[in-house]
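In listed order, ligands and their atoms are each counted from 1. Values reported hereafter were calculated over all heavy atoms of this structure, with side chains retained and with hydrogens, waters and symmetry mates removed.
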Amino acid sequence: MSDQTIIITGGAGFIGSHVVRRFVTAYPDYTIINLDKLTYAGNLANLKDIEDAPNYKFVKGDICDTAFIESLFETYKPDAVIHLAAESHVDRSITNPLDFVMTNVVGTVTLLNVAKNAWKGAYDKHRFYHVSTDEVYGSLGAEGMFEETTAYDPHSPYSASKASSDHFVRAYYDTYGMDCVISNCSNNYGSHHFPEKLIPLSINNIKQNKPIPIYGKGENVRDWLFVEDHARAIDIIFHKAASGTTYNIGGHNEWTNIDLIHLLCAIMDQKLGREAGASAKLITYVTDRAGHDLRYAIDATKLQEELGWAPSLQFEEGLERTVDWYLANEDWLQNVTSGAYQQYYEHQYKR
Ligand code: NAD
Ligand code: TYD
């Protein structure tokens with residue numbers, strides 16, 4: 001479709017802002033509605049460069065609010081939804097699991113339900129794309145990778161809530177015949193990442209000469225993907241995937257947390273003109289996260305073979321670009337780390 005209207009939820013967040021930017025700039029004939037509640041993680045400064053684009057509109061609202069979502073569908077008559085809005089941080093889910101049930105489960109089902117009613121009789125002309133995580137598959141040992149057929153085995157309240165939302169999306173495909181697509185992606189990194197997650201938190205702390213908190217022994221493994229590669233994968237899947245399909249997205253880029261942090265420290269030493277090894281002295285081992293998944297690794301063969309997607313960047317290059325962005329955008333970092341962030345940090349790392 002050349003002139004469709006798409007509601008992108010969570011477009012003021014980390015990944016959502018990259019997806020919104022990509023769609024607004026790559027598809028001038030589309031109308032992109034960014035629906036976001038602007039929680040602590042949502043930030044309109046993430047979209048400053050495209051906020052005046054004629055095919056872009058921001059609407060503040062809650063995906064759990066049925067009447068509001070209905071009126072949004074009534075006003076904009078969207079052809080599709082790309083759903084990223086979520087509570088996304090595992091540590092916060094351990095402290096406040098119900099927030100995750102509300103947003104990730106109830107919010108997703110609210111959207112699905114409004115879409116089901118609005119698109120009735122024309123499901124073949126409308127798509128509901130649900131953006132999910134590899135964490136639904138649980139934790140790997142030293143061997144193996146998550147495939148699309150891997151059984152769900154979530155451990156954290158975050159991953160349990162995302163698993164539940166995935167199940168509901170499949171239920172709406174199976175039960176009502178809605179056109180639904182899901183992708184499950186590995187850990188993202190890049191610009192505009194809220195500094196509660198490992199990489200931006202560490203960049204911020206290194207910059208300020210504060211301890212870098214490493215949970216447990218730092219041996220947990222994550223598979224890191226540059227966020228713009230994720231946005232490109234979402235673009236391809238949105239346009240090309242068959243209804244009812246699932247795709248894994250990942251970087252083939254596994255790092256233990258401690259190796260990653262050593263690489264980051266070396267880049268930061270160089271960028272900040274510190275002597276080699278100076279930033280690594282900030283590494284501080286702290287109490288492990290409860291239920292900490294040991295290893296995630298994505299097998300993205302299906303996406304590569306069927307739809308021709310592959311990651312574009314080596315990790316070293318992507319990480320350096322990320323550091324450059326944070327160093328060039330001190331205002332952004334200062335803005336998001338003032339106020340409530342300080343309270344969160346105190347609570348999370350004082351134990
Ligand atoms: P984020 O926390 O940076 O952003 C989430 C956005 O959703 C924020 O803008 C927030 O304001 C908005 N939001 C939260 N609750 C809302 C509500 N009730 N109504 C409307 N908007 C609401 O998250 P992210 O890291 O960009 O993740 C986006 C999506 O991608 C999530 O669904 C997440 O599960 C998934 N995902 C994330 C990663 C990752 O590494 N960050 C990896 C794979 C999948
Ligand atoms: P995070 O960025 O929170 O992503 P996720 O838990 O969704 O994978 O954490 C990435 C890894 O880094 C994870 O193994 C937990 C670890 N970690 C730390 O060691 N210290 C920290 O302060 C944080 C936030 C994470």
Side-chain angles (χ1 to χ4, degrees), residues 8-20 34-44 46-47 59-65 68-69 82-94 99-100 102-104 106-108 110-111 130-136 139 156 158-159 161-162 165-166 183-190 192-202 205 211-225 227 230-231 233-234 248-250 255-258 260-261 283-289 291-296 298 336 345 348-349:
I8 299 182
T9 73
F14 165 48
I15 301 171
S17 62
H18 286 276
V19 175
V20 165
N34 172 12
L35 160 61
D36 199 296
K37 187 181 174 185
L38 298 183
T39 67
Y40 77 94
N43 185 354
L44 289 178
N46 293 353
L47 290 163
V59 181
K60 185 169 189 272
D62 188 339
I63 56 167
C64 299
D65 181 343
F68 164 72
I69 301 293
I82 303 179
H83 175 38
L84 296 102
E87 289 293 336
S88 68
H89 189 36
V90 173
D91 292 327
R92 289 185 193 254
S93 83
I94 294 168
D99 290 352
F100 285 67
M102 280 313 294
T103 299
N104 299 358
V106 177
T108 301
T110 302
L111 277 175
H130 179 58
V131 175
S132 193
T133 167
D134 62 351
E135 303 190 26
V136 298
S139 182
S156 73
Y158 165 64
S159 54
S161 68
K162 290 297 290 188
S165 65
D166 291 10
S183 57
N184 297 85
C185 190
S186 62
N187 288 63
N188 285 215
Y189 71 98
H192 305 92
H193 202 182
F194 192 78
E196 63 186 350
K197 310 278 170 69
L198 179 67
I199 290 178
L201 183 143
S202 301
N205 285 16
I212 308 166
I214 302 291
Y215 297 161
K217 295 181 177 156
E219 288 168 351
N220 304 69
V221 174
R222 297 292 181 265
D223 175 359
W224 294 93
L225 179 70
V227 63
H230 187 188
I234 289 172
N248 281 353
I249 311 170
W255 288 76
T256 61
N257 293 336
I258 191 63
L260 184 163
I261 291 301
I283 291 172
T284 307
Y285 292 94
V286 300
T287 309
D288 207 354
R289 173 186 280 172
H292 196 171
D293 287 339
L294 177 66
R295 175 173 166 256
Y296 303 145
I298 277 279
V336 300
Y345 199 92
Q348 178 64 23
Y349 293 99

For this session: Heavy-atom distances under 4.0 Å are what count here, so tell me which part of Y158 touches ligand 1: side chain, backbone, both or neither.
Result: side chain
Problem set entry | 4.0 Å heavy-atom contact, Q348 with ligand 2 | no
Problem set entry | Nearest-contact summary for atom 44 (C) of ligand 1 - protein heavy atom, Å | S132 O, 3.1 Å
Exercise. Relative to ligand 1, is D62 under 4.0 angstrom through side chain, backbone, both or neither, heavy atoms considered?
Worked result: both
For this session: Answer with yes or no whether the side chains of S165 and H130 bring together a donor and an acceptor at under 3.5 Å.
Result: yes
For this session: Mind checking whether H89 contacts ligand 1 via backbone (N, CA, C, O), side chain (CB onward), both or neither, at a 4.0 Å heavy-atom cut-off?
Result: neither
Exercise. Are any of the N or O atoms of W224 closer than 3.5 Å to those of ligand 2?
Worked result: no
Exercise. Do the two ring centres, one from H192 and one from H18, sit under 6.0 Å apart?
Worked result: yes
Problem set entry | Polar side chain donor-acceptor pair, E135 to Y296, under 3.5 angstrom | yes
Exercise. Do you see a donor-acceptor pair shorter than 3.5 Å between the side chains of D91 and Y215?
Worked result: yes
For this session: May I ask you to identify the nearest protein heavy atom to atom 4 (O) of ligand 1, giving residue, atom name and distance to one decimal place in Å?
Result: G13 CA, 3.5 Å
Exercise. What part of D293, side chain from CB on, backbone N/CA/C/O, both or neither, has a heavy atom under 4.0 Å from ligand 2?
Worked result: neither
Exercise. Checking R92 against Y40: charged group under 6.0 Å from the ring centre and within 45 degrees of the axis?
Worked result: yes
For this session: May I ask you to identify, for Y349, whether its side chain, its backbone, both or neither come under 4.0 Å of ligand 2 on a heavy-atom basis?
Result: side chain
